[in-house]
Chemist: 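Okay, here's the structure, questions in a sec.
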Amino acid sequence: MLKIFSRYVSIGVLNTAIHWAVFLFLIVWLGVSQAVANFIAFCVAVSFSFFANSKWTFKAEATFIRYIIFVVFMGFIAITTGWIADELNIPGLVTLVVFSLISLVLGFVYSRYVVFRGFE
């Protein structure tokens, strides 16, 4: 389990860099809300994360159905985190850190036991 989680974290670091870069670009340069920026940034980074984890972490076939259930679940977390941040006027950097931590833990559990159940 530790080996699988370590792989997941490694991919998560790259995924997080992609997510943060897109989020900050959208907030700073385009002035969109945190909810929208967080969701779009997630969508950009999620494909890399899904396919890399499918192949390298869980050694499972990357199917359309798996992709959809992963994106919908994680997208819900992204938009909810951004919406709460907007409602509470939380700074964007705090939103990024909180979302990154939440998505790391919940994303791993969901991927391991739902999306890629039975693989590794």
Chemist: Give me the ring orientation class for F5 and F108: parallel if the planes are under 30° apart, tilted from 30 to 60°, perpendicular past 60°.
Modeler: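 Plane angle over 60°, so perpendicular.
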Chemist: If I compare all heavy atoms of S10 with all of W56, which pair ends up nearest, and what's the gap?
Modeler: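 What the structure gives for the nearest pair is CB-CZ3, 3.9 Å.
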Chemist: Identify the two heavy atoms, one from S103 and one from Y8, that lie closest to each other, and give their separation to 0.1 Å.
Modeler: O-OH, 4.2 Å
Chemist: Could you give me the CA-CA distance, side-chain angles and deciding distance for I77 and F73, then say whether side chain to side chain contact (heavy atoms under 4.5 Å, CB included) is met?
Modeler: CA-CA 7 Å; I77 293 170; F73 176 77; 3.5 Å; yes
Chemist: Which atom names give the shortest non-hydrogen contact between F42 and V71, and what distance separates them?
Modeler: CE2-O, 3.9 Å
Chemist: Taking all non-hydrogen atoms of both residues into account, name the closest pair between V32 and A37 and its distance.
Modeler: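 In terms of heavy atoms, the two residues are closest at CG2-CB, 3.6 Å.
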Chemist: Where do N15 and F48 come nearest, in terms of heavy atoms and distance?
Modeler: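 Looking at all heavy atoms of both residues, the shortest contact is N-CE2, 4.0 Å.
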Chemist: Mind checking the CZ-CD spacing from F23 to Q34? Nearest 0.5 Å is all I need.
Modeler: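 Result: 4.5 Å between the selected atoms.
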Chemist: Are F116 and F50 close enough that their ring centres sit under 6.0 Å apart?
Modeler: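 Under 6.0 Å, so yes.
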Chemist: If we only count heavy atoms from C-beta on, is the Y67 to S47 side-chain gap below 4.5 Å?
Modeler: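 Of all side-chain heavy-atom pairs linking S47 with Y67, at least one is under 4.5 Å.
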Chemist: Say you draw a straight line from NZ of K59 to CD1 of I4; how long is it, rounded to the nearest 0.5 Å?
Modeler: 8.5 Å
Chemist: Find out if a path of hydrophobic residues (ILVMFWY) with successive side-chain heavy-atom gaps under 4.5 Å connects W83 to I27.
Modeler: no
Chemist: Of all heavy-atom pairs between R66 and A60, which one has the smallest distance, and what is that distance?
Modeler: NH1-CB, 4.2 Å
Chemist: Let me confirm one number: the CG-CZ distance from L2 to R7, rounded to the nearest 0.5 Å.
Modeler: 11.0 Å
Chemist: What's the spacing between L88 CG and T95 OG1 if we round to 0.5 Å?
Modeler: 9.0 Å
Chemist: I'd like to know if the side chain of S111 and the backbone of G107 have a donor-acceptor N/O pair within less than 3.5 Å.
Modeler: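 It does hold such a pair.
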Chemist: Just wondering, are more than 12 heavy atoms of other shown residues or ligands nearer than 6.0 Å to CH2 in W20?
Modeler: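 More than 12 heavy atoms, drawn from other residues, nucleotides or ligands, come within 6.0 Å of this atom.
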Chemist: Are side-chain heavy atoms of V44 and I18 found at a separation under 4.5 Å?
Modeler: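 Side-chain contact under 4.5 Å: yes.
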Chemist: What residue among T16, L101, L24, T81 forms side chain to side chain contact (heavy atoms under 4.5 Å, CB included) with L96?
Modeler: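 Going through the options one by one, the only one that passes is L24.
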